[in-house]
Amino acid sequence: MSLIVQKYGGTSVGTPERIRNVARRILDTRAEGHQVVAVVSAMSGVTNRLIELANEVTGESEPTDREMDVLLATGEQTTIALTAMCLNSMGSKAVSLTGAQAGIETDGVHTKARISNISPSGVHELLNDGNIVILAGFQGKTPDGKITTLGRGGSDLTAIAMAAAIDADLCQIFTDVDGVYTCDPRVVKDARKLEEISYDELLEMASSGTKVMQSRSVEFAKKFGVVFEVRSSLNRNSGTIVREETMSMESVVIRGVSLEREQAKVTITGVGDHPGTAGKIFGAISEANINVDMIVQNVSVSKTGTTDISFTVHKNDIAKAERALQPVLVDLGENVKIDAVDGIAKLSVVGIGMKSHSGVAAEMFAALSNAGVNIEMISTSEIKITVTVAEHQIEEAAKAVHAAFELGDSPIKER
Ligand code: ASP
Ligand code: MG
C-alpha cells in the first residue's frame, strides 16, 4: 500500500460532471489499495469571479488583504465539500479539510503567504481510519488563526508541500494537459510528451514561456526532493515525471524549446560607461515593478566612452518603462536616447545536457539562419540559450530549432 497525493486543478473540477470524474479516479486509486490525499483547486473561473465581486463591492477603494483571503479561500472550500459529498454518494469514506484544518501554517503575508509549517497528524489519523482526505489547495492559516492564501496557482504548492510533510510515495499533479512537451504542440506538430524532466529544466522552461505549473511549487519540490508527475485528468495516459537530474538525463542535450510572444525591446543608447549607470536604469525599472528579462550591454565605443544597453519587457509594460526611465535619462546626459519596439518574441532551448556538450549554441544559430530567421539578442545560462526574433517568425523559428535537435524523433536523440 502506498500513500499518494493527487492534485486536481480548476479545469479538472470545473463542472459537476468533472467532479464526478475526479471522484471516480480517486476511487480507482483507492481500489488499487492506496491511501489518497486529493488536493483540489477552485472550480475554473471561480477565483477570478470572486476577485471581480470584491472589486465590485469596494468600488474605488481596495479590499483589505485579510478579507480578500477569507473570500478567496471559499473557492477551494466549495470544491472540497462537493468532492467529498460526491465520494460519499458513491459509497466511499471521504472527508474534506480546509488548509487550516489540515494543519497548514503560513506567515501572515495575505494573498501570497508562504508555508512555514505543516502538522500532518490529523491527516494521518483520518487516513488510518480508512478515509480519503480531500484537501483544499491554495490556503492555510497563520499561527493566530487568520486565513491566508498562497498566491495564484497555489494549489500545486499545497500538494507538493503536503506530499513532503506526510512523506508520500507519489505526488501526481492532474491538469488539462498530458504532461510537459518538447515544445508547444499547437506550434510544433510533432512535439513529444517528455517521460521525465529535471526540476531545473522545468523551472527554466517555465521562466521562458512554458507554463505548466507554478514555479514556486517546483522550487519547493526541488528543495524537499518531492518527485512528482504532471498528467491529464481527462485521460489515462501517463504523464511527465519531474525529479532531480540523473546521469542519464545529461545524455540528452536539449530537453525542450520554449517560446514567449508579446515581448518588447527597450534600448538606451549613448550611456556613459562608468559605475552606477546600469544601477540607475534598472533601479528605476524595478521601482516601477516592471519585470525585466534579457539584458544586453554592448562594449563601449572607445572614442566616445559610451555604450548601449538593451533589455526586454512584456509589450504591455513599454509605456510604463518609458515613464519610469524619463527622470533617469535626463540625469544620464543629453546624448542618451531611448528606443522601444514591440513585435518581438523569445525562443529558448533548455537542457541540462548542455553542461557537458559543446556546440549547442552554434547548432541553434545555424538552424535559425537556415530558416532565414534573424537573431536580435542572445543570452545564456548554464542550461538555457535564449534569443529574440521577430514575433511573426517565432513559429518558424521554433519548428526549425525543434527539428535541428531532433526533438520530434522518438526516443530523444542521445549524443
Ligand atoms: N484557485 C486558485 C487560483 O485560481 C489556486 C489554484 O487554482 O491553484 O489561482
Ligand atoms: Mg487555477
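We count ligands from 1, going down the list as the structure has it; atoms in each ligand are counted the same way.
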Any salt bridge between Glu262 and Lys315, counting N to O under 4.0 Å?
yes
Find all atoms of ligand 1 within a distance of less than 4.0 Å from any non-hydrogen atom belonging to Arg152, and give their numbers and elements.
3 (C), 4 (O), 9 (O)
Once the angle between the rings of Phe174 and Tyr8 is folded into 0 to 90°, is it parallel (under 30°), tilted (30 to 60°) or perpendicular (over 60°)?
parallel
Nearest candidate to atom 6 (C) of ligand 1, where distance is taken over non-hydrogen atoms, out of Ser217, Gly9, Ser155, Ala73:
Ser155
Taking the basic N atoms (NZ, or NE/NH1/NH2) and the acidic carboxylate oxygens, is any pair closer than 4.0 Å for Arg243 and Glu196?
yes
Indicate yes or no: does an N/O atom of Ser41 lie under 3.5 Å from an N/O atom of ligand 1?
yes
Taking N or O atoms only and a 3.5 Å limit, does Asp156 qualify as a polar contact for ligand 1?
no
Return yes when Gly75 approaches ligand 1 closer than 4.0 angstrom through a heavy atom, no otherwise.
no
Donor-acceptor contacts under 3.5 Å from residues 19-28 side chains, at least two apart:
residue: Asn21; atom: ND2; partner: Ser233; partner atom: O; Å: 3.3
residue: Arg24; atom: NH2; partner: Glu17; partner atom: OE2; Å: 3.2
residue: Arg25; atom: NH1; partner: Ser233; partner atom: O; Å: 3.2
residue: Arg25; atom: NH1; partner: Asn235; partner atom: O; Å: 2.7
residue: Asp28; atom: OD2; partner: Arg236; partner atom: NH1; Å: 3.0
residue: Asp28; atom: OD2; partner: Arg236; partner atom: NH2; Å: 3.2

Heavy atom under 4.0 Å from ligand 1: found in Glu76's side chain, backbone, both, or neither?
side chain
Before accepting this row, confirm whether a basic side-chain N of the pair Asp144/Lys146 lies closer than 4.0 Å to the acidic partner's carboxylate O.
yes
Do you know which of Val401, Thr182, Val349, Ile383 makes side-chain contact (heavy atoms from CB on, under 4.5 Å) with Ile254?
Val349
Give yes or no for whether the N/O distance cutoff of 3.5 Å, strictly under, is met between Gly153 and ligand 1.
yes
